[in-house]
Every structure is written in structure tokens, then in C-alpha cells.
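Working notes, structure below.
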Amino acid sequence: MNITGVLLAVAVVGGVGLFIGLFLGIAAIKFKVEVDEREEAVLAALPGNNCGGCGFPGCSGLAAAIAKGEAAVNACPVGGETVGKVIAGIMGVEAGESVRMRAYVACQGDCDKAKIDYDYSGIEDCRMLSFVPNGGAKSCDYGCLGYGSCVKVCPFDAIHVENGVALVDKDKCKACGKCVEVCPKHLISLIPYDAKYAVACNSKEKGPVTMKECSAGCIGCQLCKKNCPEGAVEVADFNATIDYEKCVGCGACAEKCPRKSIVRI
């Protein structure tokens, strides 16, 4: 190969590279997507967990929604009130009040309290137990299965299974809601972080049935409702619920509960 051929090859390659570079540069300018500076600032203020607890696809999705006015400035459950105030400053609006929430598992049916119908040996995933007899080995069809589907999806290491029942560390919990979504028994809900009492049962069975299945199950006796001075307790489908907007944390419901299904948390 002579020197002329080498120079020609270099020139061709260089020319092609220059053409591609110019083409990409022009295309980048022509098709440039303008990004709202506020969106970038909001994204920088968000914690970056991308947990989806806000209902948007990650922090970038929430930042875009806030910048467009489609989401509240305090919509991030992980950042809470502190991050909400920062974002409110960026957007030039009032942050408003926000209540810190935490996840709570409404079940005390551990290995000591709940009756077991059979020994289960299989995939340790609560969602898979819908395919086994009675939806799990525990007699109570509404109780925690204890195989940790909630544990696996929690991005904050805030929930663990102890003695067959999932328990939430409220100080680690960021109320992202992933455990709420994954629980096939719908035992987990978000309640105020400062709540003093909670109903630790989700059974909808009649009292006599619940008494046979679990020593700590709610039997719907309504003593909690009758003794609540604030009218914060209701009983429906043989199960008590607490209205936290009315509850003052006096503990009268827990004191009167004969099954100790209402507990201090």
C-alpha cells in the first residue's frame, strides 16, 4: 500500500467522522427538549429513592408533575414535611400541612396465638399461597402468612417477620406504600406516625369462629365502640376500626377490649 492510499483512507474516515459530528450537533440543537429549570431544582431536592410511593414513576416523574402543577409540593412520602417545604420554596407556593404516616400490620396471629391447620412446605412468598388450601396454613383466612413478601419489597429495611407475623419499624418506615400493595391479605395500611393505638386484627369472621382460630382476634363485641368517649371506633363485619381524625389516644378502647385486639403501638 502506497502513501497516497493511506492518506486517502485517512481523509475519507476523517470526512465521515466530521459529517456525523456536524449532523449530530445540528440534530441536538434542532430537537432539543426544553426542561423547566424548576423541574430540575425539584428533582435535586427529592431524596432520590425512586420508590414510587408518590404514585409517579420515580422521582423524575414526580418532579415533572410538580413543575407542571399536577402534583402537590409535599407529595413525596419519603422526604416528608422537610422536603415539601424546600420544594414549596422552589415553586413559590405554600407547602401546607402534612401528616407523617407509617405502615402498620393489622395482625397478632403469630405462631403462639394463631391455630395452624397443616405444615406448609413450598415457595416462601405470600402471594403464592393463594394457590394452596385455605390460602395458607393458618386457620384464619385474614391473618399474616409470615412469608415476607412485604419484607422483600421494602426499600428501607423497615419491615421484618418475627414469629410468623410481619412487624414494621415505624422509625425506618417512609410510608412509600410498597408493602401495602404487595400484601395479598390486605393487612397493611398507612396510619399516622403519632397514632397511639391500633386494631391488631383484620378478621371478618363471626366471633365464635375467630375465637377458635386465634387467641388475639377481634370478635366484634363492640365494647371498644361503646366505651370510646370520642366516637372514634366503629365496628363493621365483626371487626373494629379506629378513625384517627377523632382518636385522642386515651386508650379506653384497648382497656375494654376482652381479646386485647386493640394494642398500644
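Since we're looking at a predicted model, the values are computed, not measured.
- Contact detail for V233 and C224: the closest heavy-atom pair is CG1-SG, 3.6 Å.
- Side-chain contact between R102 and I191: present, with at least one pair of heavy atoms (C-beta onward) separated by less than 4.5 Å.
- Distance check, rounded to the nearest 0.5 Å: CG of N50 to OG of S60 gives 6.5 Å.
- Within 6.0 Å of the NZ atom in K212, the count of heavy atoms belonging to other residues, nucleotides or ligands does not exceed 12.
- Within the 4.5 Å cutoff, the side chain of T241 has no heavy atoms near those of the V199 side chain.
- From D117, atom CG reaches atom CD of E213 across 8.0 Å, with rounding to the nearest 0.5 Å.
- Residue K204 qualifies as enclosed at atom NZ: its count of foreign heavy atoms under 6.0 Å is above 12.
- Closest approach of S261 and A216 over heavy atoms only: OG-O, 2.8 Å.
- Residues K115 and C214 have side chains not in contact (no heavy-atom distance under 4.5 Å, counting atoms from C-beta outward).
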> Does the side-chain contact (heavy atoms from CB on, under 4.5 Å) test come out yes or no for N239 and C201, once each step is laid out?
Replying inline: CA-CA 8 Å; N239 189 265; C201 180; 4.0 Å; yes
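- C179 and C150 get closest at one heavy-atom pair: CB-CB, 3.8 Å.
- Cluster membership check: L167 does not share its hydrophobic cluster with Y104, using side-chain heavy-atom separations under 4.5 Å among Ile, Leu, Val, Met, Phe, Trp and Tyr.
- V153 belongs to a hydrophobic cluster whose remaining members, ordered by chain and number, are V182; membership requires side-chain heavy atoms of ILVMFWY residues under 4.5 Å apart, directly or through intermediates.
- Within the 4.5 Å cutoff, the side chain of P184 has heavy atoms near those of the C126 side chain.
- L223 pairs with exactly one of C253, P258, C257 by the side-chain contact (heavy atoms from CB on, under 4.5 Å) rule, that one being P258.
- At distances below 3.5 Å, not a single donor-acceptor pair connects side-chain atoms of R259 with backbone N or O atoms of C218.
- Taking the salt bridge (Lys or Arg N to Asp or Glu O under 4.0 Å) definition, one finds that K196 meets it with nothing, sequence neighbours left out.
- Cluster annotation: F238 is not connected to Y142 through the hydrophobic network of ILVMFWY side chains, with a link wherever side-chain heavy atoms come within less than 4.5 Å.
- Between D141 atom CG and E205 atom CD the span is 6.0 Å, to the nearest 0.5 Å.
- Considering all non-hydrogen atoms of both residues, I265 and A198 come closest at CD1-CB, 3.8 Å.
- Both V168 and M101 belong to a common hydrophobic cluster when Ile, Leu, Val, Met, Phe, Trp and Tyr are linked at side-chain heavy-atom distances under 4.5 angstrom.
- In the hydrophobic clustering of this structure, V248 does not group with I242; members are Ile, Leu, Val, Met, Phe, Trp, Tyr whose side-chain heavy atoms approach within less than 4.5 Å, directly or through other members.
- Residue pairs meeting the ring-ring contact (aromatic ring centres under 6.0 Å, His included) criterion with at least one partner in residues 157-212, sequence neighbours excluded, do not occur; the list is empty.
- Note that the CD atom of E162 and the SG atom of C144 stand 11.5 Å from one another [nearest 0.5 Å].
- S149 places none of its side-chain heavy atoms less than 4.5 Å from the side chain of C183.
- Rounding to the nearest 0.5 Å places CD of E255 at 8.5 Å from CG of N227.
- Residue Y118 is found in a hydrophobic cluster whose other members, listed by chain and number, are Y120, I123, M128, L129, F131, V132, L145, Y147; membership requires side-chain heavy atoms under 4.5 Å apart, directly or through intermediates.
- Inter-residue side-chain proximity for V263 and Q108 is flagged as met; some heavy-atom pair is nearer than 4.5 Å.
- At distances below 3.5 Å, at least one donor-acceptor pair connects side-chain atoms of K138 with backbone N or O atoms of G109.
- The two atoms that bring I188 and A103 nearest to each other are CG2-CB, 4.0 Å, heavy atoms only.
- Within the 4.5 Å cutoff, the side chain of F156 has heavy atoms near those of the V78 side chain.
- For the pair K178 and P155, the minimum side-chain heavy-atom distance is below 4.5 Å.
- Across all non-hydrogen atoms, the minimal contact from V99 to P192 is CG1-CB, 4.3 Å.
- Under a 4.5 Å side-chain heavy-atom cut-off, the cluster of Ile, Leu, Val, Met, Phe, Trp and Tyr residues that includes V93 is completed by V42, L46, F56, L62, I66, V73, V83, V86, I87, I90, M91.
- Scanning for side chain to side chain contact (heavy atoms under 4.5 Å, CB included) contacts around K246 gives A232, D243, with sequence neighbours left out.
- Taking NZ of K113 as the start and SG of C107 as the end, the distance is 9.5 Å to the nearest 0.5 Å.
- Within a 6.0 Å sphere centred on NZ of K260, other residues, nucleotides and ligands contribute more than 12 heavy atoms.
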